[in-house]
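Model, not experiment: these values are computed from the prediction. In listed order, ligands and their atoms are each counted from 1.
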Amino acid sequence: MRFLLVALLAACASRVPIEGPDAARLRPLVEAGQREVVAYFGAPFAAPYEVRVFADRAALDAHLRVLWNDPSVKTECWMVGMGAAAELVLLAPSSWKQAACEHDARDEVALARLVTHELVHVYHSQRNPSLEAGTEEIQGLAWFVEGLAVVVSGQLDEERLAAARAGTVPAKLADFWSGPNRYGLSGSVVRYLEARYGRAKLASLLSAPSPAAFFAALGLDDTSLLSRWREHAKMPP
Ligand SMILES: [Zn+2]
């Protein structure tokens with residue numbers, strides 16, 4: 001009896017709070033996404049977090065203005081989710097038809113991947129105060145932050161890889177998370193790192209506060225990484 005009670009308490013304690021619309025639809029996606037992220041990195045989330053869902057873009061922006069302490073925040077129509085250390089913020093999928101572009105809430109697989117993508121940011125932010133603070137230095141690792149979320153969530157599909165291969169490759173890794181092929185480019189570099197160094201190494205790089213710290217821990221500079229990736233990904237010269 002006592003064991004059952006303890007087990008029940010543990011189950012309740014690990015239940016992620018979800019506040020706002022579409023909670024019933026999102027709960028299984030959040031729970032599955034959390035399991036995927038934990039399995040990928042081989043360690044639990046470092047802290048509890050909650051999911052906050054907003055009924056429309058005005059409510060989402062109002063929340064982000066407070067969260068980021070920036071009264072000028074006005075999100076673009078494609079922006080429907082955000083992950084920080086203590087919360088996963090979402091625009092309610094039931095409002096996407098009116099309030100968002102480039103997303104189809106009827107696509108259950110894409111929605112599940114999007115939730116997992118943001119959960120990778122939550123996980124990463126819990127292990128990296130610079131990412132949580134949004135420092136200027138961490139911007140230089142946007143390709144890693146986003147590429148990792150793209151890979152772990154399953155968003156790096158053949159279509160995105162093919163588009164990246166067919167497009168122009170930026171001269172600097174720091175510019176990979178930009179332009180229409182940012183998912184394919186950034187994700188592809190992270191996939192190379194995963195294949196070459198393994199997931200445990202990727203997990204150890206989560207805390208790097210700057211590109212300098214990242215490449216020192218990797219034991220490779222950005223130029224060498226770029227040329228090795230080109231070879232591995234069979235990018236046209
Ligand atoms: Zn992202």
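For Glu146, the N/O/S atom at the shortest distance from the Zn ion (ligand 1) is named OE1.
The list of side chain to side chain donor-acceptor pair (under 3.5 Å) pairs with a residue in residues 169-188, not counting sequence neighbours, reads Ser188-Trp229. Screening residues 59-89 for ring pair (Phe, Tyr, Trp, His ring centres under 6.0 Å) gives Phe54-His63 as the qualifying pairs, with residues at least two apart or on separate chains.
A donor and an acceptor atom, one from each side chain of Ser153 and Gln155, are located under 3.5 Å apart.
Salt bridge annotation for Arg113-Glu36: absent, with no cationic side-chain nitrogen under 4.0 angstrom from a carboxylate oxygen.
Using a cut-off of 2.8 Å, one finds that Glu118 contributes no N/O/S atom close to the Zn ion (ligand 1).
With the Zn ion (ligand 1) as the vertex, NE2 (His121) and NE2 (His117) define an angle of 90°, rounded to 10°.
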